[in-house]
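Report on the following structure.
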Amino acid sequence: MKAKWISSMITAVLLLTIVQPAYAEKEYELKDELIYDVLVDRYFNKKIDNDYEVNALDPTTFNGGDFDGMSSELLFVKDMGFTALSIGSVFSTETYDGKKVLDYTQFERHFGTKEEFQTLVEEIHEQDMKVIVDIPTQQVSANHIWTVENPQWFTENEDGSLALDTANSEVQKAFITTFTEFNETYQVDGFRLQDADKVNPQFVRDFSKAMKDIRPSYILSDREMEETAGFDAVVIPGVEEALRAAYKNFDQDLTGIKSIMKQSENQLIQVDSLLGSRFTSDIVDEKGFPPTRWKLLLTQLLTMPGIPVIQYGSESAMNGVTPSESHQILDMAVDKELVDHITNLTSLRNSSEALRTGKVEVLHDEDGWLVYKRSNDDEAWVIAINNSSSTKTLNLSADVIGENQELRGLFESDIVRQEDGGDYRVTQDREIAEVFHVTEETKLNTAYIATLAIMYIVFMLFLWFVWRKGKQRKADAAKQKTTERK
């Protein structure tokens with residue numbers, strides 16, 4: 001109920017301030033997206049006939065998730081407000097995570113058929129979401145189909161897997177031909193190259209151009225790396241470390257966040273990935289309370305510049321250190337506290353262009369308290385995250401907020417108005433995150449109040465009149481009875 005209430009409140013506030021949601025007018029661009037990152041095998045198992053030696057109790061092997069299961073439960077992601085679904089690698093593979101690819105031209109039999117994959121893509125599109133597919137190139141299976149005729153295309157890794165030589169012109173040609181056919185057939189919306197920092201730069205540029213010549217396609221990296229031609233967005237270096245260090249416990253140094261926000265615009269931002277440990281493991285190490293820590297961090301992640309990538313299970317504070325531990329089966333029947341918090345924040349972000357792409361101004365970043373402003377020509381927001389162990393107070397000047405404005409808190413229901421000295425005094429309890437909408441100060445509507453007063457007086461007069469009439473009827477009835485007795 002609270003999530004729906006806040007979503008309705010957000011919509012009402014934005015309508016009152018004549019902010020027009022971008023999604024209602026045009027397709028989202030990459031900079032507008034909210035990406036939910038998941039593995040097909042860990043999403044939902046619907047079909048039994050493709051459960052070949054599945055063991056849901058063994059985190060290192062296939063657990064049974066399939067294309068049909070994902071199709072049937074898309075509303076779980078849609079209702080949380082995500083606009084794009086990254087589903088991992090879907091090709092024939094030796095491992096549940098899809099990395100050890102055997103054949104790029106075949107779908108993994110545990111996941112389903114080509115018809116079922118096509119249905120999944122269509123249903124994701126029907127939900128107004130985009131679908132992104134991972135492509136492994138640097139840890140494929142030693143039994144990859146291309147090794148039979150072209151062993152020279154590969155080098156062996158220490159773990160026995162193979163790495164495609166993406167600098168090889170023959171590899172580039174075969175790879176681009178394969179995925180040109182794939183993209184023409186299934187019309188996905190993007191690809192994420194795995195181990196992107198090891199892929200040949202010229203290959204990235206050529207692959208990107210080939211995919212975009214077919215249809216608009218996002219080309220993303222999975223690794224923290226510097227911007228590289230061909231990639232529409234990369235994971236910015238240091239973002240995971242900075243976010244995890246800042247929010248794993250209270251009273252942490254938040255100054256690193258300011259530096260990250262200066263470079264995160266139009267790039268991928270995330271707190272953890274499907275490559276290693278979960279943020280929850282950091283919290284547990286610090287003996288913290290995961291829901292509180294996650295709420296603060298999610299507020300940060302979903303209101304700062306950048307393209308958020310949120311890993312499945314974040315809504316349940318999924319734990320894990322190694323990849324197999326971190327890849328638990330998705331639990332859709334989780335406590336709704338974090339689900340509601342994500343939904344509230346994504347509703348806000350999807351409705352506000354300023355929160356997606358507006359400029360950022362850090363107003364305060366000391367003593368575990370971070371306050372910053374997101375704004376454009378149409379609207380402004382102030383985000384206050386008190387990650388300290390004490391109540392904090394900050395005076396914001398009219399130069400920052402404007403004259404005769406008010407800050408309306410959307411989560412804690414705070415309203416901050418301009419004081420006599422001209423400042424706006426924000427007070428925030430420990431371990432609380434608030435998003436304030438900057439609006440014109442609400443004035444008393446004297447005409448409306450006068451109308452209510454008149455209506456009240458008229459209503460009271462009506463009641464008095466009815467009472468008098470009733471009293472008169474009783475008196476007349478008593479008089480008549482007296483006359484009849486005589």
Side-chain angles (χ1 to χ4, degrees), residues 37 39-41 60-62 86-108 110-111 132-183 188 190-211 217-235 237 240 268 273-277 309 322-324 326-327:
D37 194 14
L39 298 171
V40 173
D41 183 68
T60 66
T61 190
F62 287 95
S86 175
I87 63 174
S89 175
V90 298
F91 313 104
S92 179
T93 177
E94 291 180 347
T95 53
Y96 73 87
D97 59 5
K99 283 188 174 182
K100 291 192 176 180
V101 175
L102 292 161
D103 188 348
Y104 292 118
T105 66
Q106 300 293 322
F107 290 103
E108 171 50 44
H110 288 89
F111 301 162
I132 299 167
V133 172
D134 281 357
I135 305 178
T137 64
Q138 302 302 295
Q139 288 183 302
V140 303
S141 170
N143 299 311
H144 193 287
I145 191 172
W146 287 349
T147 62
V148 177
E149 296 183 0
N150 301 285
Q152 72 279 8
W153 288 3
F154 299 89
T155 57
E156 187 173 357
N157 298 317
E158 291 183 1
D159 63 357
S161 64
L162 301 182
L164 265 172
D165 180 8
T166 54
N168 184 310
S169 60
E170 291 182 347
V171 171
Q172 294 177 2
K173 182 178 179 181
F175 198 89
I176 289 174
T177 298
T178 298
F179 281 95
T180 293
E181 182 178 348
F182 179 89
N183 205 2
V188 300
F191 298 96
R192 184 170 59 178
L193 296 178
Q194 293 193 335
D195 297 298
D197 54 339
K198 300 177 183 177
V199 177
N200 178 264
Q202 185 60 51
F203 166 75
V204 175
R205 292 193 290 271
D206 292 345
F207 175 75
S208 179
K209 182 179 184 306
M211 295 304 102
S217 301
Y218 299 150
I219 307 300
L220 308 177
S221 85
D222 70 329
R223 302 279 180 162
E224 294 187 2
M225 57 189 294
E226 298 298 330
E227 291 186 53
T228 302
F231 284 117
D232 295 302
V234 301
V235 183
E240 289 188 31
L268 303 174
S273 70
L274 299 183
L275 302 173
S277 67
V309 181
T322 65
S324 58
S326 300
H327 300 166

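Numbering starts at 1 and runs along the sequence shown.
- Under 3.5 Å, the side chains of Asn143 and Glu94 contain a donor-acceptor pair of N or O atoms.
- Atom CD of Gln194 and atom CG of Asp134 lie 4.5 Å apart (nearest 0.5 Å).
- Remark: the backbone N or O of Asp195 is paired with a side-chain donor or acceptor of Asp222 at under 3.5 angstrom.
- Among all heavy-atom pairs drawn from Ser326 and Ser277, the shortest one is OG-CA, 3.9 Å.
- If you take CZ on Phe179 and OG1 on Thr105, they are separated by 9.5 Å, rounding to the nearest 0.5 Å.
- Atoms OG1 and NE2, on Thr60 and His327 in that order, are 12.5 Å from each other to the nearest 0.5 Å.
- Of all heavy-atom pairs between Ser221 and Ala196, the closest is CB-CB, 3.5 Å.
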In sequence, state the C-alpha distance, the side-chain angles, and the governing distance for Tyr104 and Trp146, and then conclude on ring pair (Phe, Tyr, Trp, His ring centres under 6.0 Å).
CA-CA 10 Å; Tyr104 292 118; Trp146 287 349; 5.5 Å; yes

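- Rounding to the nearest 0.5 Å gives a distance of 10.0 Å between NE2 of His110 and OG of Ser92.
- Phe207 meets the ring-ring contact (aromatic ring centres under 6.0 Å, His included) test with Phe175, Phe191, Phe203; sequence neighbours excluded.
- Nearest heavy-atom pair across Ser208 and Gly230 is OG-O, 2.9 Å.
- The nearest pair of heavy atoms linking Phe154 to Thr147 is CE1-CG2, 3.6 Å.
- A 6.0 Å sphere centred on CD of Gln152 holds more than 12 heavy atoms belonging to other residues, nucleotides or ligands.
- Scanning all heavy atoms of the two residues, the minimum distance from Val101 to His144 falls at O-CD2, 3.3 Å.
- Formation of a donor-acceptor pair under 3.5 Å by the Thr180 side chain with backbone atoms of Ile176 is found in this model.
- No donor-acceptor pair under 3.5 Å is formed between the side chain of Glu227 and the backbone N or O of Ala233.
- The shortest heavy-atom contact between Leu275 and Lys99 is CD2-NZ, 3.7 Å.
- Residue Glu181 places its CD atom among 12 or fewer non-hydrogen atoms of other residues, nucleotides or ligands, all under 6.0 Å distant.
- Separating the CD atom in Gln138 from the CG atom in Asp165 is a distance of 8.5 Å, to the nearest 0.5 Å.
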If you apply the rule side-chain contact (heavy atoms from CB on, under 4.5 Å), what do you find for Asp103 with Phe91, and how did you get there?
CA-CA 7 Å; Asp103 188 348; Phe91 313 104; over 6 Å; no

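- Note that CG of Leu162 is 7.5 Å distant from OG1 of Thr155, once rounded to the nearest 0.5 Å.
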